[in-house]
J.: 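Okay, handing you the structure first.
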Amino acid sequence: IVFGDWSSDVCSSDLAPGLVLQSEFENPHHHYRLNEKEGKKPLRFTESRALWRDSSALLDLHHRQQIKPPIVLNHAAQLIFECILPPQRLTLAAYGVCTDPGKKKVYFYQAEQFQFSDRLLQDENLLSQLQTALNLAEEVRKQIWGALNTAAGIFLAPQSDQAEGRTADPKDKAKLTEHWNAEALYWASLEVPFYHLLEALPQNNEQAMQEWQMILQTTARKVIEQTLSSLGSNARALKAAAQGRIQFLAGLKKIFTPQL
């Protein structure tokens with residue numbers, strides 16, 4: 001850390017796994033989930049899961065029986081509550097490395113950050129709205145997966161919807177849906193809109209939630225259409241696409257109609 005008017009040049013740097021804490025000690029900068037059976041579980045990076053998808057858990061300072069947040073968030077909330085710091089937008093940054101325990105092998109490094117209003121640390125109702133928004137995104141993700149899984153089954157075995165038709169091998173369906181990579185496209189498309197949601201939620205949470213629901217539906221439709229259109233135009237492709245769309249639209253209606 002350099003203070004004042006000092007200047008310096010960084011010639012080189014090394015990154016390596018740090019020392020492992022014994023189980024009875026906690027890292028105050030970690031986020032822990034508390035479970036009676038499993039004990040304390042730190043939130044870990046997943047290569048395919050962006051940090052913002054866990055933002056409501058990371059910012060939760062209220063449910064101390066289930067969550068132990070990083071100490072820096074408690075400090076920030078206290079300083080703002082006591083008017084030592086003015087109300088402001090904060091930046092949460094997280095850094096991690098995935099290694100093979102006991103071996104000098106690194107699978108990936110990861111660093112992510114996002115900005116949020118300090119009100120999310122103090123207003124439990126606002127945080128609940130954020131959790132609802134993330135839950136909705138996950139529910140839509142499930143509908144995408146279900147529809148594409150159905151489409152993959154029909155595409156691989158066109159007669160599988162018949163009473164005596166051959167069904168597709170589950171492993172083949174999994175390989176095909178993995179090849180489509182639709183869920184990754186879905187989550188990547190939501191990242192920027194989610195940051196807009198974080199900014200808008202403290203200002204007008206009702207309008208922000210309505211816009212988020214529209215974004216979820218529009219994004220999901222685009223992902224479905226882009227994926228299904230790649231199947232081609234032969235009979236089995238058209239049949240698979242039709243079955244997938246029917247299931248997907250029914251799923252969306254089930255999620256959003258009660259909230260209209």
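The chain is numbered in sequence order, starting from 1.
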J.: Using a distance-only test with no angle check, is there a side-chain donor-acceptor pair under 3.5 angstrom linking Gln129 and Asn125?
T.: no
J.: When rounded to the nearest 0.5 angstrom, what is the spacing between NE2 in His30 and NZ in Lys68?
T.: 12.5 Å
J.: Taking atom CH2 of Trp180 as the centre, does the number of heavy atoms from other residues, nucleotides or ligands within less than 6.0 Å exceed 12?
T.: yes
J.: Going by atom types alone, do Thr91 and Gln113 pair a side-chain donor with an acceptor below 3.5 Å?
T.: no
J.: With the threshold set at 4.0 Å, does a side-chain nitrogen-carboxylate oxygen contact exist between Glu225 and Lys222?
T.: no
J.: Looking at side-chain heavy atoms only, is the closest gap between Thr227 and Ile144 below 4.5 Å?
T.: no
J.: Between Glu164 and Gln162, is there a side-chain donor-acceptor contact under 3.5 Å, judged purely by atom types and distance?
T.: no
J.: Side chains of Gln131 and Asn135 only: does a donor on one sit below 3.5 Å from an acceptor on the other?
T.: yes
J.: Looking at Arg49, I want to see if its CZ is surrounded by more than 12 non-hydrogen atoms of other residues, nucleotides or ligands under 6.0 Å.
T.: yes
J.: Are the charged groups of Glu138 and Arg141 less than 4.0 angstrom apart, N to O?
T.: yes
J.: Would the Phe114 and Trp52 ring centres measure less than 6.0 Å apart?
T.: no
J.: What distance do Arg53 atom CZ and Glu191 atom CD have between them, rounded to the nearest 0.5 Å?
T.: 10.5 Å
J.: Sub-3.5 Å donor-acceptor pair from the side chain of Gln247 to the main-chain atoms of Gly146, do we have one?
T.: yes
J.: For the atom pair CG (Leu61) and CG (Leu121), what is the distance rounded to the nearest 0.5 Å?
T.: 5.0 Å
J.: In terms of side-chain geometry, is the basic nitrogen of Glu139 or Lys254 positioned less than 4.0 Å from the acidic oxygen of its partner?
T.: no
